[in-house]
Amino acid sequence: MYKGKLITFEGIDGSGKTTQIRYLESFLQSIGHEVLLLREPGGTKIGEEIRKLLLDMKHQEMTPETELFLFEAARAQLVREVIRPALQEGKWVICDRYMDSSVAYQGYGRGLPVRLVEVLNSLAVDEMTPDLTILLELGPAARAERLSRRHDSGQGDRIDVETERFKQRVCEGFRAIADAEPSRVVRVESLDDKEETAELIREQVRRVLL
Ligand SMILES: Nc1ncnc2c1ncn2[C@@H]1O[C@H](COP(=O)(O)OP(=O)(O)O)[C@@H](O)[C@H]1O
Ligand SMILES: [Mg+2]
């Protein structure tokens with residue numbers, strides 16, 4: 001029904017998503033696909049406004065429920081305004097975070113009922129479930145070291161300044177998703193060698209989608 005493919009990247013902040021998405025984009029283009037890169041929250045005018053609300057450090061009073069609804073609202077807009085039309089046109093869409101981040105962050109991290117998060121996810125994404133999800137995994141020490149060297153990190157945003165215990169729960173959530181849906185979600189270790197990691201990801205893409 002849809003000619004294109006949807007690939008999502010998940011994993012905690014600093015796990016290498018943005019870096020690896022660029023490698024995969026080049027690879028897919030080199031074999032002749034038209035690629036569209038998106039990030040969540042964002043990717044639409046409404047979504048970028050919601051992104052500002054969600055990440056702004058000044059909104060410390062935001063409740064977990066509000067946070068969940070805002071992510072789902074941005075996602076619903078992105079799916080209908082951008083992702084579905086792109087897939088219909090045959091594009092390969094790569095999204096930096098998607099529905100699994102809500103289960104991991106708002107469910108496991110914030111403690112909202114995972115079943116409810118899944119129900120809202122299904123409303124937001126409709127039938128646009130990813131064809132493949134790459135879960136990038138990296139231990140806390142290596143992650144801290146990489147983030148300390150990242151030049152774009154600035155002051156951090158409202159969600160990445162959370163505690164290490166929160167981040168551990170998020171990682172546990174991602175692992176639980178991968179265990180529950182092994183045919184869609186593939187765990188890939190974010191190695192120190194970026195090119196080697198990119199090859200591990202290309203192997204998964206070839207195996208599942210090409
Ligand atoms: N394999 C790697 N080895 C060392 N540093 C890396 C590696 N991959 C990414 N980085 C660096 O780690 C930081 C976080 O990576 P990034 O791709 O921005 O992660 P994310 O998008 O998941 O937050 C960046 O500064 C990036 O350049
Ligand atoms: Mg990133």
Side-chain angles (χ1 to χ4, degrees), residues 6-29 35-44 47-48 50-57 67 70-71 74-75 78 82-83 92-110 130 132-178 185-205:
L6 174 60
I7 302 174
T8 61
F9 278 69
E10 300 281 4
I12 196 115
D13 191 54
S15 58
K17 298 182 297 298
T18 306
T19 306
Q20 289 302 324
I21 282 171
R22 295 202 183 109
Y23 279 97
L24 184 60
E25 177 189 29
S26 314
F27 168 68
L28 291 174
Q29 286 170 339
V35 180
L36 178 63
L37 297 189
L38 299 171
R39 67 166 180 189
E40 273 209 355
T44 64
E48 291 295 326
I50 294 175
R51 181 185 183 90
K52 283 185 216 150
L53 274 171
L54 275 167
L55 300 184
D56 196 327
M57 289 294 287
E67 186 178 286
L70 286 173
F71 274 110
R75 182 167 303 136
L78 183 66
V82 182
I83 295 179
W92 282 52
V93 178
I94 306 178
C95 198
D96 192 334
R97 295 191 178 283
Y98 196 55
M99 54 191 231
D100 301 317
S101 279
S102 285
V103 170
Y105 283 78
Q106 283 72 53
Y108 285 80
R110 301 283 190 219
L132 174 66
T133 297
I134 302 292
L135 170 59
L136 280 168
E137 297 194 297
L138 181 65
R143 177 157 43 82
E145 146 74 9
R146 288 187 197 179
L147 283 176
S148 72
R149 285 189 277 112
R150 180 158 76 180
H151 46 83
D152 70 354
S153 57
Q155 298 298 311
D157 63 49
R158 196 180 54 83
I159 297 171
D160 34 83
V161 298
E162 272 294 341
T163 61
E164 196 50 44
R165 281 192 53 199
F166 174 88
K167 291 178 183 175
Q168 287 311 316
R169 292 198 298 276
V170 170
C171 290
E172 187 199 323
F174 279 131
R175 286 191 295 268
I177 295 165
V185 185
V186 181
R187 295 166 67 164
V188 173
E189 194 183 342
S190 187
L191 305 169
D192 283 336
D193 186 332
K194 295 177 191 179
E195 176 51 50
E196 205 181 324
T197 311
E199 180 53 29
L200 293 176
I201 293 169
R202 289 192 291 268
E203 277 166 19
Q204 295 301 327
V205 170

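Start at 1 with the first residue, then count along the sequence. Whatever order the structure lists them in is the order used to number ligands and atoms, beginning at 1.
- Residue Leu191 has at least one heavy-atom neighbour below 4.0 Å for each of these atoms of ligand 1: 1 (N), 2 (C).
- For ligand 1, one of its N or O atoms has an N or O atom of Thr19 under 3.5 Å away.
- For the pair Ser102 (side chain) and Tyr98 (backbone), a donor-acceptor distance under 3.5 Å is absent.
- For a threshold of 3.5 Å applied to N or O pairs, the pair formed by Gly14 and ligand 1 contains at least one separation below that value.
- Any N or O atom pair closer than 3.5 Å counts here, and Asp192 shares at least one such pair with ligand 1.
- Of all non-hydrogen atoms in Arg97 and Ile12, the two that sit nearest each other are NH2-C, 3.9 Å.
- With a 4.0 Å heavy-atom cut-off, ligand 1 is reached by no atom of Leu136.
- Residues Arg51 and Leu70 fail the side-chain proximity criterion, which asks for heavy atoms closer than 4.5 Å.
- The shortest heavy-atom distance from Ser15 to ligand 1 is under 4.0 Å.
- Taking each of Arg149, Glu196, Glu189, Lys194 in turn, the one with a heavy atom nearest to atom 27 (O) of ligand 1 proves to be Lys194.
- With Arg169 contributing its side chain and Gly109 its backbone, the two residues share a donor-acceptor pair below 3.5 Å.
- In this comparison of Glu10, Lys17, Glu195, the heavy atom closest to atom 22 (O) of ligand 1 sits on Lys17.
- No side-chain heavy atom of Tyr108 sits less than 4.5 Å from a side-chain heavy atom of Ile177.
- For the ligand labelled ligand 1, residue Thr197 lies outside the 4.0 Å heavy-atom shell.
- When distances to the Mg ion (ligand 2) are checked against a cut-off of 2.8 Å, Thr19 contributes no N, O or S atom below that limit.
- Between Pro41 and Leu54, the closest heavy-atom pair is CG-CD1, 3.9 Å.
- Not close to ligand 1: Gly11, with no non-hydrogen atom less than 4.0 angstrom away.
- Of the possible donor and acceptor atoms, none in the side chain of Glu189 sits under 3.5 Å from a partner among the backbone N and O of Glu137.
- Using a 4.5 Å heavy-atom cutoff, the side chains of Val185 and Arg187 are not in contact.
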